[in-house]
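Beneath this line is the structure, given in structure tokens, with notes to follow.
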Amino acid sequence: MDIIRDKIESLIAYMIVAGGLFIAGVFLYFILALLIEAIGIILYILYLTIGCMFYKIGYAILF
């Protein structure tokens with residue numbers, strides 16, 4: 001009987017650890033996705049501002 005109880009306790013502990021790791025993995029993935037999204041938005045804004053600057057410089061050189 002003690003052997004079965006030990007097995008159940010170890011299984012519950014393993015499930016708790018696995019669940020915690022799963023939640024931590026999802027959390028880290030979510031943070032990573034947000035960071036990549038933020039970097040993409042920042043790069044897009046930089047591209048727009050620099051693109052506008054180059055467009056104005058080119059326009060000034062042409063005319």
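Judged as a salt bridge (Lys or Arg N to Asp or Glu O under 4.0 Å), and not counting sequence neighbours, the contacts of Asp2 are Arg5.
Grouped by direct or indirect side-chain proximity (heavy atoms under 4.5 Å, Ile/Leu/Val/Met/Phe/Trp/Tyr only), Ile31 sits with Phe27, Leu35.
Taken to the nearest 0.5 Å, the CD1 atom of Ile3 stands 8.0 Å off from the CG atom of Asp6.
Around CG of Leu28, the count of heavy atoms belonging to other residues, nucleotides or ligands within 6.0 Å exceeds 12. The number of heavy-atom neighbours closer than 6.0 Å to CD of Glu9, taken from other residues, nucleotides and ligands shown, is above 12.
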Listed pairs under 3.5 Å, donor-acceptor, residues 40-48 side chains, sequence neighbours left out:
none

